[in-house]
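This report concerns only the one structure given below.
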Amino acid sequence: MSGKRPDLSVRIGDVELSNPVIAASGTFGYGGEFSEIMDLSQLGGVVVKGLSMHVERGNAPPRIVETPGGMLNSIGLQNVGAEGFLEEKLPFLRRFNTAVIANIWGRTFDEYIAVAERLDGAKGLTALELNISCPNIKEGGINFGTDPKQTEQVTRAVRDASSLPLWVKLTPGVTDIGELARAAEAGGADALSVINTLRGMTIDVASRRPTLSTIFGGLSGPAILPIALYMVYETRRATNLPILGIGGIEGLDQALQFFILGANAVQVGTANFYDPMASIRLVDDLRNWCETQGILSINELVGSLESG
Amino acid sequence: MSGKRPDLSVRIGDVELSNPVIAASGTFGYGGEFSEIMDLSQLGGVVVKGLSMHVERGNAPPRIVETPGGMLNSIGLQNVGAEGFLEEKLPFLRRFNTAVIANIWGRTFDEYIAVAERLDGAKGLTALELNISCPNIKEGGINFGTDPKQTEQVTRAVRDASSLPLWVKLTPGVTDIGELARAAEAGGADALSVINTLRGMTIDVASRRPTLSTIFGGLSGPAILPIALYMVYETRRATNLPILGIGGIEGLDQALQFFILGANAVQVGTANFYDPMASIRLVDDLRNWCETQGILSINELVGSLESG
Amino acid sequence: MYDRRLAIESVAHVGPGQFILGFECPEIAAQCRPGHFVMISVAESIDPVLRRPMAIYRVLRDASNTPYGFTLLIEVVGCGTALLEQKSIGDHLEVLGPLGVPFSLPTKDEASGEHLLVMGGVGSAPFPLVAEELLKSGHRVRAFVGARTAEALLCVDDFRELGVPVEVATDDGSEGFHGYVVHPLQGYLESEDPANAVLYACGPTPMMRAVHEIAIIRNLPLQVSFEAPMACGIGVCLSCVVRVDAGDYGDWRYVRCCREGPVFDSRRLVWQ
Amino acid sequence: MYDRRLAIESVAHVGPGQFILGFECPEIAAQCRPGHFVMISVAESIDPVLRRPMAIYRVLRDASNTPYGFTLLIEVVGCGTALLEQKSIGDHLEVLGPLGVPFSLPTKDEASGEHLLVMGGVGSAPFPLVAEELLKSGHRVRAFVGARTAEALLCVDDFRELGVPVEVATDDGSEGFHGYVVHPLQGYLESEDPANAVLYACGPTPMMRAVHEIAIIRNLPLQVSFEAPMACGIGVCLSCVVRVDAGDYGDWRYVRCCREGPVFDSRRLVWQ
Ligand SMILES: Cc1cc2nc3c(=O)[nH]c(=O)nc-3n(C[C@H](O)[C@H](O)[C@H](O)COP(=O)(O)OP(=O)(O)OC[C@H]3O[C@@H](n4cnc5c(N)ncnc54)[C@H](O)[C@@H]3O)c2cc1C
Ligand SMILES: Cc1cc2nc3c(=O)[nH]c(=O)nc-3n(C[C@H](O)[C@H](O)[C@H](O)COP(=O)(O)OP(=O)(O)OC[C@H]3O[C@@H](n4cnc5c(N)ncnc54)[C@H](O)[C@@H]3O)c2cc1C
Ligand SMILES: Cc1cc2nc3c(=O)[nH]c(=O)nc-3n(C[C@H](O)[C@H](O)[C@H](O)COP(=O)(O)O)c2cc1C
Ligand SMILES: Cc1cc2nc3c(=O)[nH]c(=O)nc-3n(C[C@H](O)[C@H](O)[C@H](O)COP(=O)(O)O)c2cc1C
Ligand code: FES
Ligand code: FES
């Protein structure tokens, strides 16, 4: 880095990112569509839509509904499957100078292991992000992400099945996120993605039915910002692992709050839908802000919370 | 009730309310201020600011900050104390034909019992609402409201200390609210108030400090509506106790969603701040809506969720 | 596809809760094909958060016939469209587009029978552009326009100006046929039995399903423009899926209305 | 106290990000006393959710001197005031008021010395009404007005029209004294040593604290109008608390700025 331009690069464990702005899983597809309006190489990374071992059709529509300052989704993890990803999607993403993170999920330990093994060693894949917000159907629906033991076990199982850096994505719908963070760390996580969506629902009064076909869905968008910030605060108190801050980020102000609390990078989710240039603009805004503030490296900001 | 006018009265256990619209604790003071712009007798009930045994000064300012579609507060339960309430506030509230519910809290079991005993038998008091979103300082800060055992115990302790109907107010910041609902029921709750605020925080980027003096605070307002609805849905699945639906209610549409999900009455909180006539207007709107829909009693609506 | 912050250049109220917004943007205008849509913001705030999909209504061209802008024809149905109704000239909206798969229309040299455009309510919006394009390449066009009332009829004047014969139906009988727009269509097909007719439809789903059934019975091709709730409009959120036939064994899969559609061959869709 | 949906009747831009909104509402106007405030909505949406506190600037009276409206003098400091700046005549705001404890002013018959009004920035807003009232009951008034720059000075014309002598200070020296407004006040007190002077202040907290210290040293009464973040404005949320002396033992307690204030005897407050 030359003397003047602020250095935006960050390290997430062994992974070096050119900047700390990443597109969040499920809000950026597999990157192809966005490449039509932006240069993906400008982004720190792209997390692709949650992959399972096999193709998934997903839930019946309606799959989204707006809520005050946010939205609910119940996509049901529709995806092209690990195979389809490797064949049809990854080769395209490899063309860009950006980190590619595969968000993965399963309904049993075995499914998690299978998809992790299938993706292991794939050229151009930077890391795995473990989506543990799914119920373990073998264990009678106990949630992988809300029970510390299951969190640790599924993390370890995937850890053992893959040589890729492993990010574990935590659910906010728990009594103590710090406990889950420690469980993921114990299982061998290299970093924590905080947070996934919160559970919510709405009712269509005219029909007296849930608006979503699946009754409830995941809440995302600006409305969840203060909750996400609090979860990052608690996670940072529980562990020294790198943190990817996620939730309600629209631009510079929100991203800075996450960095100050100790997030090492941020992911932009719902904003990609209503402001498709949001993540690219955030990279520019961060650079300019650092320059104005005389900050040479974004890392100076990370965890700079003043207390008392 | 005459033939035509819809009947808005509801029963919460043994408590009969003239209508299902109640002002939520901490957003209506002790009623005095609002009586200057409305007739409190038009409301189903008023829950007063959380009372402790002794006067509390509360937290240092800043105590509030706005967030997207909502607000955070950390009032710190400033209140006049049980004694002050009985002497200065309750006599005034008795003048109105509305239910008066005392929201109570403590830092130990003994404090809960003390305030419940002090209020027992008070003329004009309709019910107690137990705020269990406080850490039990004697038990090393384990939260009364997030640990099922503590929830059951504190409910039973207050149940035994008072002959008043007992509503227990649940915290949404738990892995499984159904478990807490059952714990409160096992402890002898007559009804459940769902939900209290969610934990959240924001950072003032310029100073790199938390915006609130207490670091984090309670999130309320429209932003939390879908979460509150989901929590009522889960609570209804866990228990048959009457439910008071709370969270993000601004008017008719939101209240109807709570009723359809099985709430027997609703509480209006943050909306009282930015739309002081919101709760009174909701009573009128409910009456007119029932009339238009040919609904004779609001109870027809309660729990009328269509599924599948 | 461009993402642009555009000033509203014109506002025209055309019926009850119906209005036309005009924008200047040569890049977007140059790419617009009949059936394309844009995603537009409705508020500067986060309430509501999402943009709204709107079909391209007309493409504006300068004296030298170069496209420099476009218009949208909008009907108020909820909070977002109500906010749009309050906008004035000079207000800004974020506009992403053009998006989606447009109608597949024959070229000048392709022979074809009469093109029958069937529309209900604000589903009329994309059809003046369809008609314009078809006429330009020398094809015959006829429009069947339905609405609740005479007042709410849309695009009838556009078609008349283009010289397209129009048959009208209203739910309340206040103009044209008293009933659904599929009846005049049905009647026309029965009395005229036009050879190689080609069908296009956009409107409420029951109406499109009815047209689909006619197309099946009469063995006529039909393209429908489908409206699904959309969060992103560009294919990344998977919220707008519709069922299409997966070929063998009567199986089906989901495709994205915003990307694989909004215009579909009606026979590809699974009409539940 | 009334909660009313009022149309904006007038808009006047008076300086950089400074503007005056006018409203008609005889009920509210009739109750307004100098120092009162209103809570006003800034958006029709939930972004931001809360109303904003604004001091009553001027009361509007008809030919027969009956109050029929009021104005607010507003400076842009954040998102809510920025939204207000974009409003036009005819736009509606929710207005709750008048609220709070106004300034305590002497009646006609009460003797008093000169009344010195000390203000900084938009803290000037309540003072023309204070001056008007004092003059009406025959008291002498002098104004000390501070701002960042000459451009940003507020209310100077109001005072001149009322015949109130004004001393001005600007942070950048572009008009009047170069520095803080407490210096001209200090200077005046030193050179004139007015008997029984009465002080009033509103503006940034450091400025009010400085005036408070002068008041203590010179043993002059001082009322300050304090600005705290407010959610409800009517005393029910407890968000706006300020520390006041609890009497004995140097102890203190919180009182509500919106209800026990915003105007306080400066000696009651704990100046941290
Ligand atoms: C490709 C496409 C092109 C469209 N073109 C036009 C057009 O040219 N002119 C026009 O006026 N409208 C058009 N629409 C429909 C328009 O997008 C919706 O009316 C609008 O999004 C509703 O927003 P709202 O906030 O007013 O309603 P909301 O408050 O969001 O919803 C009100 C009602 O409308 C329904 N609704 C919401 N979104 C959609 C949607 N995308 N499709 C169908 N129903 C919906 C809801 O289920 C609800 O019942 C188009 C939709 C699509 C998908
Ligand atoms: C009794 C009273 C009377 C007032 N009278 C006037 C008036 O006549 N004219 C006028 O322009 N302003 C007045 N104010 C201040 C005005 O309320 C704030 O400037 C306004 O609420 C800021 O809103 P915002 O959304 O623009 O700023 P925000 O985005 O909410 O905040 C921007 C900055 O302003 C600070 N701020 C926010 N609210 C307040 C507040 N209530 N008091 C002080 N600082 C605040 C924040 O801490 C932040 O630093 C008054 C305040 C009070 C309490
Ligand atoms: C439509 C949609 C689909 C999503 N799909 C996934 C997914 O497949 N895997 C996952 O881990 N998170 C998924 N998420 C969660 C986001 O990655 C992100 O954690 C969440 O939306 C909060 O961030 P935001 O407020 O910026 O949207 C999805 C979110 C949305 C809105
Ligand atoms: C400023 C403020 C103070 C509150 N104080 C209390 C309280 O003392 N006791 C309590 O049980 N809940 C308290 N609450 C929570 C509300 O009663 C209500 O449960 C919550 O705000 C969610 O509802 P809403 O979204 O309608 O505001 C308070 C909420 C706010 C905003
Ligand atoms: S609207 Fe997002 S995929 Fe179609
Ligand atoms: S602003 Fe609510 S108590 Fe003062």
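Each chain gets a letter, A, B and so on, in the order its sequence line appears, and its residues count up from 1.
- At a 4.5 Å heavy-atom cutoff, the contact between A/Leu305 and chain B is made by backbone and side-chain atoms alike.
- A salt bridge links B/Glu234 with B/Arg237: at least one charged nitrogen is closer than 4.0 Å to a carboxylate oxygen.
- Of the residues considered (B/Asp176, B/Leu229, B/Leu198), B/Leu229 shows the highest number of contacts with chain A, using heavy-atom pairs under 4.5 Å.
- Here A/Pro226 is the residue among A/Ala223, A/Ser304, A/Pro226 with the most heavy-atom pairs under 4.5 Å with chain B.
- Looking at A/Leu72, the atoms closer than 4.5 Å to chain B (heavy atoms on both sides) all sit in the side chain, from C-beta outward.
- Although no hydrogens or angles enter the test, the distance criterion places a donor-acceptor pair under 3.5 Å between the side chain of B/Glu300 and the main chain of B/Ser297.
- Looking at A/Asn19, its side chain never comes within 3.5 Å of a backbone N or O of A/Leu8 through a donor-acceptor pair.
- For A/Asp147, no part sits under 4.5 Å from any heavy atom of chain B, backbone or side chain.
- No part of A/Ser213 comes within reach of chain B, as not one of its non-hydrogen atoms sits under 4.5 angstrom from that chain.
- For a residue to count as touching a neighbouring chain, one of its non-hydrogen atoms must lie under 4.5 Å from one of that chain's; by this rule A/Leu261 touches chain B with the side chain only.
- Of the listed residues (B/Pro222, B/Gly221, B/Gly248, B/Gly69), the one with the most heavy-atom contacts under 4.5 Å to chain A is B/Pro222.
- The backbone N or O of A/Phe144 sits less than 3.5 Å from a side-chain atom of A/Thr151, completing a donor-acceptor pair.
- In this structure, B/Ile22 and B/Leu244 approach most closely via the heavy-atom pair CD1-CD2, 3.6 Å.
- Counted by atom type alone, B/Asn59 and B/Thr214 present zero donor-acceptor pairs between their side chains at under 3.5 Å.
- B/Asp253 touches chain A through backbone and side chain together, each having a heavy atom under 4.5 Å away.
- If you measure heavy-atom distances from A/Ile260 to chain B, the contacts under 4.5 Å come from the side chain alone.
- Checked by atom type, the side-chain pair A/Thr211/A/Thr202 shows a donor-acceptor distance below 3.5 Å.
- With respect to A/Phe258, the side chain to side chain contact (heavy atoms under 4.5 Å, CB included) criterion is satisfied by exactly one of A/Ile243, A/Val194, A/Asn264, A/Leu225: A/Leu225.
- Proximity to chain A (any heavy atom under 4.5 Å) is shown, for B/Ile177, by neither the backbone nor the side chain.
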